[in-house]
Each structure stands twice: as structure tokens, then as C-alpha cells.
There are 2 protein chains.
Amino acid sequence: MTADGAASPGLTREALAQAALRVLERDGLAGLSMRKVAAEVGVKAASLYWHVRNKEELLDLLNDALMADAVAPPRTGHWRTQFREYCLLHRRLLLDKRDAAKVVAGRLAPGPHLIALMEDQLDRLREAGFSDADAAMAAYLLAAYVQGFVLQEQSPIAAAEAAGSSRREVVDAVADRFRALPRDTYPNLVALADDLTDPDMEARFEFGLQRILDGLAALLPPDRR
Amino acid sequence: MTADGAASPGLTREALAQAALRVLERDGLAGLSMRKVAAEVGVKAASLYWHVRNKEELLDLLNDALMADAVAPPRTGHWRTQFREYCLLHRRLLLDKRDAAKVVAGRLAPGPHLIALMEDQLDRLREAGFSDADAAMAAYLLAAYVQGFVLQEQSPIAAAEAAGSSRREVVDAVADRFRALPRDTYPNLVALADDLTDPDMEARFEFGLQRILDGLAALLPPDRR
DNA sequence: ACCTGAACACCGTTCAAGT
DNA sequence: ACCTGAACACCGTTCAAGT
């Protein structure tokens with residue numbers, strides 16, 4: 001069927017990645033074991049090592065599978081709105097798959113899907129007028145922001161779920177801790193307890209995003225901002 | 001000796017945190033087990049559960065212990081230079097302790113040391129002229145940036161070490177992969193391969209930091225920027 | 001070429017039992 | 001009040017052996 005002449009309908013690395021994706025969704029990253037992925041694909045754990053060097057390599061495959069659904073926003077309008085949209089989409093993508101940020105974080109070998117995304121982003125940044133060096137730095141900065149933010153946003157949820165309480169409860173507990181501090185040594189924490197624990201993460205994400213975009217805009221000549 | 005009247009020289013939670021810190025430095029986060037921390041403190045693993053609910057709680061203690069060495073920069077000069085210094089120090093702190101960013105990331109319950117730090121930062125931000133809401137958001141943004149950046153920076157090093165190759169080798173390999181891409185479909189990645197893999201993380205960190213500070217400055221009335 | 005059984009050296013956590 | 005032995009239900013990985 002395929003051009004490479006191999007007839008084997010057997011285990012593909014792609015099939016492995018999909019299986020890992022299902023286990024991730026079901027059991028989270030902490031529950032993702034070689035044994036479970038193997039079972040998911042109808043095989044024993046030891047067999048996986050024929051297809052993959054070790055678990056780390058399986059996570060690389062999973063990483064790329066997570067990026068498979070990434071889409072680029074329409075290439076119309078100001079570069080600022082394009083990149084705002086880019087970051088919102090990327091956050092959504094990571095947020096929608098369980099523990100996705102944890103899988104992606106600190107994994108520097110980009111898979112083919114991420115590579116395609118980077119190419120597109122760099123193209124837009126250069127067209128917007130950024131220098132080569134600035135475009136490279138800006139792409140890195142935006143990716144780091146989104147990943148870092150979602151990691152911060154998603155991990156406590158998982159931890160709270162594991163402990164059996166809701167996100168809302170956890171946040172409220174933190175706010176209460178702030179308010180309960182001695183006002184004379186922690187006047188600012190007491191005063192800003194509500195602002196610090198505002199549960200509207202959407203707004204929080206947007207705030208940081210706008211600051212970064214403002215900062216990037218300042219690199220451009222005034223007529224291109 | 002102490003005011004609380006307890007004579008027990010036995011295991012403190014503080015001693016546990018210090019032991020965890022030593023194990024972390026020696027074996028990394030992946031090698032940090034309850035059994036090893038117990039051994040480090042001369043006790044069996046099961047005993048730890050008398051002092052701590054579970055491993056998660058031990059990691060909370062470790063988290064706070066990591067923040068114990070944090071220092072605040074001098075409160076002189078422009079708010080911008082104060083917060084630049086703050087972020088540089090915070091990055092240094094995380095970078096100097098093995099896997100520190102991984103421990104800290106996504107752990108939202110702040111320990112006493114982090115609480116003191118937040119109080120100080122909020123105070124400076126408000127004095128600089130930020131509104132309550134903006135000060136809260138800004139503190140979060142800066143912390144998220146530093147943690148996210150160091151996580152990205154530190155994890156691959158650990159992975160490379162585990163695989164037996166140096167960071168330099170890994171980065172070069174990525175650059176080679178970019179350059180080896182077909183130039184017609186990935187012209188930007190090929191052209192910017194060097195910029196994208198610039199190993200000067202110090203400069204990369206500074207770039208993002210300056211963009212964020214620029215963006216924050218734009219929130220202030222012109223005369224206070 | 002691909003899969004398995006069995007083993008090795010580990011995990012976190014619980015719990016009855018000790019002192 | 002604090003610690004232990006022993007057990008349970010897991011891990012990732014290797015390797016000889018199967019087909």
C-alpha cells in the first residue's frame with residue numbers, strides 16, 4: 001500500500017503516540033506508564049522498547065501529537081492582533097488537553113508540528129518589521145510565556161483534583177491565607193488579597209500578553225507599531 | 001530550650017526539608033524518593049508519614065526551602081532597575097539549585113519565604129504608581145516569566161545530562177536540524193537557525209525582561225515611567 | 001522483524017505492631 | 001509520640017527466548 005514497501009500493519013510510532021494521548025487524557029501525566037500505553041495498544045510493556053528507545057522518547061512523540069491540532073490564525077490585520085490570536089489559540093490548545101503544559105514544558109526538541117508553527121510565526125514577525133535577531137527572540141518569548149502561564153494555571157487544578165477539592169476552593173483558601181496575615185508586617189498582601197487571587201485567568205493571561213506585545217511593539221519604528 | 005516547651009530533638013519538618021534539598025541536589029527531582037529522604041535523615045520511609053501527609057506535602061516544604069535564600073535587591077533607583085534586578089536574582093536562585101524550576105513550577109501554595117518576597121514586591125509596585133489591580137497582575141506576570149523561562153532553560157540541561165551529552169551539543173544538534181530543513185518550505189527557520197539557537201540564555205532572558213518592563217511602564221502616567 | 005516472560009531494582013503508601 | 005517491618009500495587013528497563 002505504502003511507497004516504502006513495508007506491509008506490516010503493526011505498531012506505528014504514530015499509533016503509539018495516539019495511545020499515549022488517550023492514556024494522558026484518562027490518567028494524567030503521573031498515571032502515564034509504559035505498561036498502560038502498551039496495554040492500550042494490545043501489547044506488553046517490553047515490546048514498546050522495540051519501537052522507542054525509552055519513555056523519554058515516547059514523551060517526545062506525545063509532545064508532537066499534542067501539537068497536531070494547532071492551527072494558525074488568519075493572516076489578516078495588524079501583526080499585534082495576529083499574535084494575540086496566536087497566543088490565545090495556543091493557550092486554549094494546551095489547556096484543553098489534560099497536563100499538556102507539563103508534557104510540553106522544557107522539552108526542547110521540537111516535533112514536526114511545532115516546527116511548522118515556528119516557521120509561520122517567524123515569517124509573520126519578519127514581515128511585521130522585526131529584525132532577524134528580534135524575531136527569533138520574540139518567538140521564543142511568546143512561546144515561553146504561553147507555556148509558562150498555562151503550566152502555572154493547569155498544574156494546581158490537577159493537584160486540587162487529585163486532592164479532591166475544586167480549583168475555586170483552593171483559590172479561596174489562598175485568599176483567606178493572605179487576609180489572615182498580620183496586617184502590620186504584610187499590609188500589601190492583606191490589601192491586595194482579592195486582586196492577587198482573582199480567578200479570572202483569561203484576564204490575567206490577556207494582561208501579560210498585552211504587556212509583552214506592547215514591549216515588542218516598542219522595538220519597531222514608530223510607523224510600523 | 002525553646003519557648004514551646006517541647007524537648008524532642010527529633011525530626012523537624014525543617015530538617016526534612018533540608019534533607020530533601022540535599023537529595024535534590026544529588027539525584028535531581030526524578031531521583032527524589034521518600035525512601036532516599038528518609039535514609040538521608042536516618043529513618044525508614046514509613047516514618048516520614050508521621051511528619052508529612054504525603055510526598056506532595058514534602059515537595060511543598062522543599063519548595064519553601066528553595067526560596068529561603070532569596071534576597072531582595074536594594075530599594076534604590078528607578079522601579080525598573082529594581083525589578084530588573086529582582087528578576088535576575090530570582091533566575092539565578094532557581095538556576096543554581098538543581099531542578100529548582102521544576103519543583104517550583106505550578107505549585108501555587110506559597111511558603112512563608114515566598115510570601116515575604118511578594119509583600120516586598122507589591123509594596124514597590126504600588127509605590128512606583130501602579131494601581132492595586134495592576135500591581136497584582138504585574139507581580140504575577142514577572143514571577144510567571146522567570147519561572148517559565150528557567151524551566152525552559154533548565155530542563156533540557158537535565159535531560160542532556162541524563163543522556164550523557166552536553167547542553168552545547170544538544171543546542172548544536174537543534175541548529176543543525178533547522179539548517180537541514182528544505183529551504184523552500186522552511187525559509188525562515190533555515191535563515192534564522194543561528195538566531196533561534198543562540199546559546200546566550202542570559203541575553204535571551206534580558207530581552208524578554210526588557211519587553212515586559214517596557215509593557216508595564218506603559219501602564220504608568222508618562223511622568224512616572 | 002517483532003513480541004513475550006521473567007526478572008531486577010526500584011517506587012508511594014498503608015497499617016499493624018513495636019517502644 | 002514516634003518509628004519499623006512487611007506488605008500491596010505499582011514503576012522503567014533489560015534480556016534471553018520465542019515466532
Side-chain angles (χ1 to χ4, degrees), chain A residues 1-2 4-20 23-24 26-63 99 102-103 107 155 158-159 161-164, chain B residues 1-2 4-20 23-24 26-63 99 102-103 107 155 158-159 161-164:
Chain A
M1 215 65 168
T2 53
D4 60 316
S8 98
L11 232 40
T12 10
R13 285 160 66 94
E14 173 59 26
L16 233 69
Q18 291 304 320
V23 176
L24 182 72
R26 193 195 328 125
D27 303 328
L29 182 57
L32 181 104
S33 68
M34 297 297 273
R35 285 164 151 95
K36 282 190 199 161
V37 173
E40 182 72 24
V41 87
V43 105
K44 301 297 181 176
S47 313
L48 296 190
Y49 291 84
W50 179 263
H51 304 274
V52 114
R53 195 195 317 267
N54 49 29
K55 190 180 182 182
E56 195 63 21
E57 198 175 298
L58 181 74
L59 290 177
D60 282 340
L61 295 182
L62 178 58
N63 178 42
D99 282 347
K102 258 190 177 135
V103 174
R107 196 160 293 277
S155 299
E161 270 173 5
Chain B
M1 216 64 170
T2 53
D4 59 316
S8 97
L11 234 36
T12 9
R13 285 160 66 94
E14 174 58 26
L16 235 70
Q18 291 303 320
V23 176
L24 182 72
R26 193 195 326 125
D27 302 329
L29 182 57
L32 182 107
S33 69
M34 297 297 272
R35 284 165 152 94
K36 281 191 200 161
V37 173
E40 182 72 25
V41 86
V43 105
K44 301 296 180 177
S47 313
L48 297 190
Y49 290 83
W50 179 262
H51 303 275
V52 116
R53 194 195 318 267
N54 48 29
K55 190 180 181 182
E56 195 62 21
E57 198 174 300
L58 181 73
L59 290 178
D60 282 340
L61 295 181
L62 177 58
N63 179 40
D99 283 346
K102 258 189 176 136
V103 174
R107 197 159 291 279
S155 298
E161 271 173 5

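Letters go in sequence order (proteins before strands), and every chain restarts at 1. Please read all numbers here as calculations on a predicted model, not as lab measurements.
- In this view, B:R53 and B:E57 satisfy the salt bridge (charged side-chain N to carboxylate O under 4.0 Å, His left out) rule, not counting sequence neighbours.
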Side-chain atoms of residues 42-49 of chain B: list all donor-acceptor pairs with protein atoms under 3.5 Å, sequence neighbours left out, distances to 0.1 Å.
from: B:S47; atom 1: OG; to: B:K44; atom 2: O; distance (Å): 3.1

Practice problem: Assign a letter to each nucleotide of nucleotides 7-19 of chain C from its 5' end: B, base within under 4.0 Å of a protein heavy atom; S, sugar-phosphate only; -, no contact. | Solution: B---BBBBB----
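- Applying the side chain to side chain donor-acceptor pair (under 3.5 Å) test to B:D60 and every residue at least two apart in sequence or in another chain returns B:R107.
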Quiz item: If pairs are Watson-Crick or G-U with both distances under 3.5 Å, what is the dot-bracket string of DNA chain C, marking crossing pairs with [ ] and pairs to another strand with |?
Solution: ||.|||||...|||||.||
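- Every side chain to side chain donor-acceptor pair (under 3.5 Å) that B:D27 has, sequence neighbours left out, goes to B:K36.
- For C:dC3, neither phosphate oxygen OP1 nor OP2 lies less than 4.0 angstrom from any side-chain nitrogen or oxygen of A:W50.
- Side chain of B:R13 to backbone of B:H51: a donor-acceptor contact under 3.5 angstrom is found.
- With sequence neighbours left out, A:K55 forms a salt bridge (charged side-chain N to carboxylate O under 4.0 Å, His left out) with no residue at all.
- Residues that satisfy the salt bridge (charged side-chain N to carboxylate O under 4.0 Å, His left out) test with B:R26, not counting sequence neighbours, are B:E40.
- Close to D:dA1, at under 4.0 Å from its OP1 or OP2, lies no side-chain N or O of B:H51.
- Neither OP1 nor OP2 of C:dC2 sits under 4.0 Å from any side-chain N or O of A:S47.
- Straight-line distance from the CG atom of A:L11 to the C1' atom of C:dC3: 10 Å, rounded to whole Å.
- The side chain to side chain donor-acceptor pair (under 3.5 Å) check on A:Q18 picks up A:E14, with sequence neighbours excluded.
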